[in-house]
Amino acid sequence: MPLCPMRQMLDEARKAGYGVGAYNVNNMEQIQAIAQAARETASPVIIQASKGALEYTNLVYLKHLMAAAVEENADLPICLHLDHGPNLELCKEAIGIGFTSVMIDGSIDYDKKTPEGKHPARSFEDNLRATKEVADYAHARGVSVEGELGTLGGIEEETHADKVLLTDPAQVEEFVRRTGVDALALAIGTSHGAYKFKHEPVLAMDLISQCRERAPECAFVMHGSSSVPKELVDEVNKYGGRMPNAMGVPIASIQEAIRRGIQKINVDTDGRMAVTAAIRKVFIEKPGEFDPRKYLGPAREALTKLIASKMRDFGTAGHAGDYKRKTLDEMKKFYGKK
Ligand code: G3H
Ligand code: 13P
Ligand code: ZN
């Protein structure tokens with residue numbers, strides 16, 4: 001599958017000053033919608049799958065759905081990325097089926113015996129060791145790697161019941177140098193899901209600028225970047241949903257984060273909401289409808305529109321033809337020389 005390495009995609013974005021959305025997928029309609037939005041707006045794009053997505057799709061289906069998206073969009077830079085890889089084992093599996101990028105979430109110890117959501121935070125040195133192990137394995141194969149310093153709210157917040165650990169800029173230079181990561185997720189106060197804030201969001205924007213000074217060539221990643229737009233919340237609720245007080249990161253804050261040095265912007269929740277709102281609408285307005293194409297089709301359309309608009313907002317639109325995609329062999333040589 002001729003996918004684009006994430007390292008190249010984010011280097012290009014950093015030099016030109018725009019952000020690239022990384023959109024989570026679990027099924028064919030989501031992959032089609034993201035590819036269609038990238039085509040319509042001529043955008044490079046990162047399609048990402050979590051551990052849960054790999055389990056849901058049984059890996060092999062995801063692999064072939066992605067191959068179809070790439071075959072249909074040969075001229076678009078598309079990267080396939082593992083989101084929140086818990087360990088080397090899963091990173092190896094993802095690389096084995098052709099992912100051009102993996103995230104190792106070394107900030108948390110996802111041991112097998114601890115129940116989901118209760119895993120403890122890892123020390124700096126343990127995070128560094130786990131991340132370097134993955135980076136060495138991936139780079140030998142030309143695959144890009146994202147690490148994480150600090151922790152997010154949402155899926156990670158139960159782990160640190162009373163506190164979210166923001167990234168410490170003083171650790172960034174050493175972490176990037178010793179692990180060799182291509183991208184680093186910064187914890188600046190965002191969290192996963194639809195209920196990120198109780199009041200007006202306050203994000204640690206200065207922290208991005210401080211990290212940028214300490215690691216000028218590393219790509220930075222913002223997780224938990226869904227905006228949870230009011231129109232979408234209203235639409236879900238109008239058609240029988242119940243999402244009270246949902247709140248996300250305003251687009252203007254994401255644009256400021258991009259200006260300060262973020263290149264990869266992770267979005268899952270907004271996509272889920274667009275799909276849910278569209279399906280709910282059909283179910284309420286046409287209760288006699290039972291052909292899945294009649295609700296999955298509108299869901300796919302709504303998702304395409306949402307993502308195309310993010311591609312314009314993040315500044316990704318129009319950059320698909322800026323560079324020639326590097327092969328994993330070229331990337332292997334690049335890492336070999338470092
Ligand atoms: O970071 C989390 C993403 O939203 C993926 O969520 O683990 O439910 O697939 P998931
Ligand atoms: P949202 O829940 O804000 O969409 O964040 C998704 C994410 O960070 C995936 O890694
Ligand atoms: Zn995330």
Side-chain angles (χ1 to χ4, degrees), residues 6 19-27 30-31 33-34 45-59 61-62 79-87 90-91 94 99 101-108 110 115-117 119 145-160 164-165 167 183-197 201 203 219-229 232-233 236 243 246-251 253-254 257 262-277 303 306-307 309-310 313-314:
M6 188 172 78
V20 181
Y23 305 98
N24 286 74
V25 295
N26 295 278
N27 65 19
Q30 288 171 309
I31 294 177
I34 296 165
V45 67
I46 300 167
I47 299 184
Q48 60 184 12
S50 66
K51 172 173 174 280
L54 294 186
E55 285 161 4
Y56 183 77
T57 59
N58 190 14
L59 246 80
Y61 286 88
L62 184 83
C79 166
L80 179 56
H81 174 78
L82 172 67
D83 188 28
H84 292 283
N87 50 40
L90 197 74
C91 291
F99 280 54
S101 181
V102 292
M103 174 185 188
I104 169 70
D105 191 348
S107 62
I108 295 217
Y110 289 99
E116 207 58 48
H119 295 98
V145 176
E146 173 184 338
E148 178 174 317
L149 259 183
T151 61
L152 302 147
I155 58 166
E156 294 177 4
E157 82 192 344
E158 287 172 54
T159 322
H160 311 280
V164 169
L165 303 171
T167 303
L184 186 65
L186 304 180
I188 61 162
T190 61
S191 61
H192 294 107
Y195 304 92
K196 301 181 192 299
F197 311 103
L203 297 175
F220 291 145
V221 185
M222 186 168 159
H223 283 248
S225 303
S226 279
S227 298
V228 192
L232 261 187
V233 178
V236 168
M243 296 190 71
M247 195 187 274
V249 184
I251 289 290
S253 302
I254 296 174
I262 293 284
Q263 281 75 43
K264 176 172 179 273
I265 300 130
N266 282 19
V267 176
D268 187 357
T269 297
D270 282 356
R272 292 178 178 192
M273 288 176 65
V275 164
T276 300
L303 186 58
L306 174 97
I307 291 178
S309 121
K310 288 191 188 290
D313 289 341
F314 300 165

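Residues: numbered from 1 along the sequence shown. Every number for a ligand or one of its atoms is a count from 1 in the order of the listing.
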Heavy-atom pair with the smallest gap, counting every atom of [X] and [Y]:
{"X": "V249", "Y": "I254", "value": "CG1-CG1, 3.8 Å"}
{"X": "A194", "Y": "M273", "value": "CB-SD, 4.4 Å"}
{"X": "G248", "Y": "P201", "value": "O-CG, 3.9 Å"}

Do [X] and [Y] come within less than 4.5 Å of each other through their side chains, counting heavy atoms only?
{"X": "F197", "Y": "L203", "value": "yes"}
{"X": "L62", "Y": "L59", "value": "no"}
{"X": "L82", "Y": "C91", "value": "yes"}
{"X": "V221", "Y": "L184", "value": "no"}
{"X": "H223", "Y": "E146", "value": "yes"}

Counting each atom of ligand 1 from 1 as listed, which ones have a heavy atom of [X] under 4.0 Å away?
{"X": "D268", "result": "3 (C), 4 (O), 5 (C), 6 (O)"}
{"X": "N24", "result": "3 (C), 5 (C)"}
{"X": "D83", "result": "1 (O), 3 (C)"}

**OP:** Return the option from R272, E55, K51, H84 holding the heavy atom at the smallest distance from atom 10 (P) of ligand 1.
**Re:**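 Checking each option, the heavy atom nearest atom 10 (P) of ligand 1 is found in R272.
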Original post:
So, H84 and Q48: side-chain donor and acceptor under 3.5 Å apart, yes or no?
Top reply: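 No.
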**OP:** Below 4.0 Å from any atom of ligand 2, which residues have a heavy atom? Give them in chain and number order, please.
**Re:**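 Contacts of ligand 2 under 4.0 Å: N24, Q48, D83, H84, H192, G193, K196, H223, G224, S225, S226, N266, V267, D268, T269.
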Original post:
How many degrees, to 10°, between H223 ND1 and H192 NE2 as seen from the Zn ion (ligand 3)?
Top reply: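 With the Zn ion (ligand 3) as the vertex, ND1 (H223) and NE2 (H192) sit 130° apart.
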Original post:
Hey, is S50 one of the residues with a heavy atom under 4.0 angstrom from ligand 1?
Top reply: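 Right, S50 reaches ligand 1.
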Original post:
Any N or O on N26 sitting closer than 3.5 Å to an N or O of ligand 1?
Top reply: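 N26 vs ligand 1: no N/O contact under 3.5 Å.
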